A.B. asks: 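Here you go, one structure.
Keep in mind the model is a prediction, meaning the values are calculated, not measured. A note on names: the letters A, B, ... follow the listed sequences, proteins ahead of strands, and every chain is numbered from 1.
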Amino acid sequence: MATERYNAREVEARWQKIWNDKDVFVTVNDDPRDKYYVLEMFPYPSGRIHMGHVRNYAMGDVVARFKRARGFNVLHPMGWDAFGMPAENAAMQNKVHPKDWTYENIATMRDQLKIMGLSLDWSREFATCDVGYYTQQQRLFLKFLEAGLVYRKNAKVNWDPVDMTVLANEQVIDGRGWRSGALVEQRELTQWFFKISDYSEDLLDAIETLDRWPDKVRLMQKNWIGRSEGLRVRFEFATPAPTGDKTLEIFTTRPDTLFGASFMGLSPDHPISVKLAEDNAELKAFIDECRRVGTSEEAIEKAEKKGINTGLRVKHPLDSSIELPVYVANFILMDYGTGAIFACPAHDQRDLDFARKYDLPVRPVVLPKGADAAAFSVDDEAFTDDGTIFNSDFLDGLSIADAKEAVKKKLEDMNVDGAPQAERQVNYRLRDWGISRQRYWGCPIPVIHCDDCGVVPEKDENLPVELPHDINFDKPGNPLDRHPTWRDTTCPKCGKPAKRETDTMDTFVDSSWYFARFTAPDCDQPTDPDAANGWLPVDQYIGGIEHAILHLLYSRFFTRAMQKVGALDLQEPFKGLFTQGMVTHETYRQGEGANGRWVSPAEIRIEEVDGNRHATLLDSGEEVTIGSIEKMSKSKKNTVDPTDIIDTYGADTARWFMLSDSPPERDVIWTEDGVQGAWRFVQRVWRLIGEITDKSELRGGSAPETDGKALDLRRASHKTLAAVSSDLEGLGFNRAVARIYEFVNAISKAVNDGIEDDAHEYAVREAANFLVQMIAPMMPHLAEECWSALGHDNIISEAKWPSVDEALLVEDSITYPIQINGKRRGELEIAKDASKEEVEAATLALDFVRKALEGAQPKKLIVVPQRIVNVVV
RNA sequence: GCGGGCGUGGUGGAACUGGUAGACACAAGGGACUUAAAAUCCCUCGGCCCUAGGCUGUACGGGUUCGAGUCCCGUCGCCCGCACCA
């Protein structure tokens, strides 16, 4: 074979055809081997694959191919998260039907994925907008409805009064609609909800069992669910409330600070606020202003703390001589607790900001450890750490925890307006999941509104409720609403004319069970429970950290809900989770400030002059500014098209580069130099394998002798194999790559120095085989080509992972670094099984140690077995 | 604003549970081969000091420890999420 250059384009296409023709990656459900389910978060078909996809799918493919080689029956499917807003935006902008736009994108992206050479079972592919998929989703919805997991209630949406349409949070920019620029209002609509709150406690507790999830994701989910133990306290009104209520009910997690109470706060949406606003113009204006901030928690929290004094007053439950004013405040959420709070400014930053603005009292009641009670005051920073209660009557001197308990006990036993003054309550931050979307391109909610029977589920035999194709986006709003006939149907209950629900489902619903559907993609029910229970949970799920909370939490809820309706029998969908980092790239900009424009990497050339990098435009030679490194995005034009890279260098090179260097959980910077380095490595491996086959074909080496150079190389082979195996097991792709580089250096040296004898030749052949097998999960095409060149008659995609000879890993001596006072001053080589005493004696006998000691005894001699020795003088 | 994370040479990074900081790679510089270029191979490569060698160094400032990139406190910078983007 000699040294012709490796032609990636020709080789990759050839092997992809072979895999395809042989159905190598088609998985059958009844295979007797142990199962392993690898899944990467499926892509939204935005138009073209981007580098983030390449990274994500390259990682998943390594796991899939590695586990396959290790003897597992691997399920590795792919599909499309295909409903969503971009298709509607495209329809509005380019007059293209969302369905056509979506399926064209899918076709393009499927081709792009195929040239990556992924070991996917394409026979299981589906898109969430396939009628076959959303039919089953409607069926699941009806089962959830029957099981009491679905209900309707009023909820707020962002309303664009000019476009007459509901806006997503991302479409609201500084309180205005992104297209119309109109001030956004809030509107209440009756919407569909999933009762995820039924599972708050379970979803929280079960996080403990997810030991193969990143700690940060588990922590984020815990905080998101937000369990808090607190107290529901009823404050008696000192002035009559407009609603006729005798008491104002609040929720607090800090009853210990009750003596620091300065005012009461109501959400702008609280019934009392709304009632008062009826004949208070100032308050009404304020509430309207709050409603223009938007519905997102972020917007509400970031807004300046503001409020209006209602003139109402309540009595302090522990000291009736104190009356507290009641404010309507913009930072209080109606969805959390009771929509009302008591404010203790000294120990809550939001309350403090508010109190300072309106000149309300700030009375500290928690004293920091060691502080002087007489001198302690709170200025602009609330004190939220631990301390001792003071200024608080019977609570003085107690710890926070004890004071909480004391207040709870006391208030529980008190009565106001014929009921206990307070009750203990466990509160969750997690809210029910609103799934209604007033949009066309989503799964229709299969219910019918009948004037006589009310809301009626569609009959199972009438499914699917199919999206009509004859719609247009000439006008804003939901095309389903104004379709001339689609809404018209008959009531499944009474048979009279009735109207269909026009809301479609949140696309998070689509992605909350696709992993289960892959186990039986053609089943005429949502799942085949046997298949689902056999394959699930997903053993390794890989995707972006941006999904750490919502998608993963919804999928966990869905799995429980599906268990409840008998679709499958497990709670947790994802056993192992891995969140990979983003792909970033330098940015380039021509011109300054507002007149500047972003320039794509393909348009420029980089040169180095006197150690400084300069970028110039390819066509005009004009200088371009090199900017910061940012996440690849269309808006900054710092994207690199994977197809271009694969055309130039091949899929293996692109995959290898995505896996080398950067740890997979961290961001990776795409650089041209890096790709070229990867490409050179591809060539290097090919050349090395060529040399080995040339040099060793004359000999018949088959004697695994174990001494000299042959032994050294075999040790390196088995050590590398052991290390790479465990790196791949733990998704340490970059570490595996570094070890493979080292290994290639070692093999090259052995080959260049000349193959000495049969034993050495055996070792070189073994090393070559190991090398090819170790790169196979990452660069499968190159590996197949090398494997074939090495004379194997099977394909490497079906070859078994080699096994490590443990005997070759054992070392008989060890080199200890010797520290003097914590600084390394030399080394000690000694038998690996030397006792602590022997190591100590040998250390003290070393020249530089004796010199440092100057005849004295060491103050301390620390020997960490197999690690290090530290002499303290 | 709240929650979560990250920060190591010119660059990407390595360093298992607190134990030799900079493995491996990229870039750069020097050399070999070549008519020349590409490719390939060899050498150097955190900073400072005069070498042997030493000092210093993991965003910044403190602390715990025989020993800190790793643990703790504070500061700065960047990134992700915040429930209708996917």
Side-chain angles (χ1 to χ4, degrees), chain A residues 5 41 43-44 46 81 83-86 155 157-158 166-172 191 214-217 219-224 226 295-305 331 335 349-350 353 429-439 506-508 511 544-551 553-554 579 581-582 584 608 611 613 628 630-631 660-663 665-669 671 673-674 676-678 680-681 683-684 687 726 730 734-735 737-742 745 748 752 815-819 821-827 858-862 864 867-872:
Chain A
R5 246 165 130 64
M41 291 180 184
Y44 178 78
S46 55
D81 189 12
F83 275 134
M85 285 205 308
V157 294
N158 299 305
V166 176
L167 299 177
N169 283 336
E170 70 156 14
Q171 296 175 315
V172 180
Q191 308 202 60
D215 285 341
K216 60 177 170 183
V217 175
L219 190 56
M220 282 193 239
Q221 292 224 343
K222 270 184 200 167
N223 290 339
W224 185 262
T295 56
S296 80
E297 192 170 313
E298 184 190 2
I300 292 165
E301 293 267 350
K302 267 188 185 161
E304 189 196 352
K305 309 287 173 279
F331 62 94
D335 290 317
Q349 192 60 46
R350 291 173 303 184
D353 293 344
R429 208 182 76 95
L430 181 65
R431 311 199 293 258
D432 276 335
W433 174 12
I435 60 153
S436 283
R437 297 292 180 271
Q438 294 71 39
R439 283 186 241 291
D506 177 8
T507 56
F508 270 124
S511 55
I545 185 70
E546 66 273 19
H547 294 294
I549 296 174
L550 292 179
H551 162 60
L553 191 63
Y554 290 154
T579 56
M582 297 178 305
T584 62
E608 189 150 323
R613 294 171 71 244
S628 59
E630 313 243 14
K631 175 180 178 171
S660 19
D661 286 359
S662 284
E665 69 278 8
R666 232 190 274 181
D667 290 354
V668 64
I669 303 176
T671 63
D673 286 337
Q676 278 177 15
R680 275 200 296 274
F681 182 70
Q683 297 294 345
R684 189 174 176 204
R687 220 167 34 240
S726 89
N734 58 321
R735 291 196 301 271
V737 166
R739 286 187 165 121
I740 289 171
Y741 277 131
E742 265 177 302
N745 289 341
S748 290
N752 288 340
T815 304
Y816 278 96
I818 307 298
Q819 293 181 331
N821 290 339
K823 302 211 167 179
R824 195 184 82 96
R825 285 296 126 100
E827 291 178 341
K859 267 191 202 153
K860 227 174 188 179
L861 185 54
I862 294 151
V864 184
R867 281 247 178 248
I868 203 165
V869 179
N870 191 10
V871 186
V872 184

A.B. asks: Sticking with atom C1', work out how far B:U58 lies from B:A68, rounded to a whole angstrom.
C.D. replies: 10 Å
A.B. asks: Would the base of B:G3 count as contacting A:Asn223 through its side chain, where contact means a donor and an acceptor less than 3.5 Å apart?
C.D. replies: no
A.B. asks: Tell me whether the OP1 or OP2 atom of B:A25 has a side-chain N or O from A:Arg739 closer than 4.0 Å.
C.D. replies: no
A.B. asks: Pick the C1' atom in B:A15 and in B:C85, then give their distance to the nearest Å.
C.D. replies: 39 Å
A.B. asks: Restricting to nitrogen or oxygen on both sides, can you table the protein-nucleotides 64-74 of chain B pairs closer than 3.5 Å?
C.D. replies:
unit_1, atom_1, unit_2, atom_2, d
B:C66, OP1, A:Lys860, NZ, 3.3
B:C66, O2', A:Asn870, ND2, 3.3
B:C66, O2, A:Asn870, ND2, 2.4

A.B. asks: Between the protein and nucleotides 51-58 of chain B, which nitrogen or oxygen pairs come in under 3.5 angstrom?
C.D. replies:
unit_1, atom_1, unit_2, atom_2, d
B:C55, OP2, A:Arg825, NH2, 3.1
B:U56, OP2, A:Lys823, NZ, 3.0

A.B. asks: Measuring only the C1' atom in each nucleotide, how far is B:G29 from B:U11? A whole number of Å is fine.
C.D. replies: 16 Å
A.B. asks: In whole Å, what is the span from the NZ atom of A:Lys305 to the P atom of B:G1?
C.D. replies: 9 Å
A.B. asks: Give a yes/no answer on whether the side chain of A:Arg666 brings an N or O atom under 4.0 Å of OP1 or OP2 in B:G7.
C.D. replies: yes
A.B. asks: At their closest point, which heavy atom of A:Asn870 faces which heavy atom of A:Asn821, and how far apart are they?
C.D. replies: OD1-N, 3.5 Å
A.B. asks: Going by an N to O cut-off under 4.0 Å, is there a salt bridge joining A:Glu665 and A:Lys216?
C.D. replies: no
A.B. asks: For nucleotides B:G5 and B:U56, find the distance between their C1' atoms and express it as a whole number of Å.
C.D. replies: 31 Å
A.B. asks: Detail all sub-3.5 Å separations between protein N/O atoms and N/O atoms belonging to nucleotides 41-43 of chain B.
C.D. replies:
none

A.B. asks: Give the dot-bracket string for RNA chain B, reading 5' to 3', where a pair is Watson-Crick or G-U wobble with both distances under 3.5 Å, ( ) marks pairs inside the strand, [ ] marks pairs crossing earlier ones, | marks a partner on another strand, and . marks unpaired.
C.D. replies: (((((((..(((......[....))).(((((.......))))).((((...))))..(((((..]....))))))))))))....
A.B. asks: Along nucleotides 80-86 of chain B, 5' to 3', which nucleotides get a B, which get an S, and which get a -, given that the test is a protein heavy-atom distance under 4.0 Å?
C.D. replies: SSBBBBB
A.B. asks: Using atom P of each nucleotide, how far apart are B:C78 and B:G46 to the nearest Å?
C.D. replies: 30 Å
A.B. asks: Establish, with yes or no, whether the OP1 or OP2 oxygen of B:A14 is under 4.0 angstrom from a side-chain nitrogen or oxygen of A:Asn734.
C.D. replies: yes
A.B. asks: So, is B:G7 syn or anti if syn means the angle is within 90° of 0?
C.D. replies: anti
A.B. asks: Partners of A:Lys859 by salt bridge (Lys or Arg N to Asp or Glu O under 4.0 Å), sequence neighbours excluded?
C.D. replies: none
A.B. asks: With nearest nucleotide decided by heavy atoms, which residue, A:Glu301 or A:Ile868, maps closer to the 5′ end of RNA chain B?
C.D. replies: A:Glu301
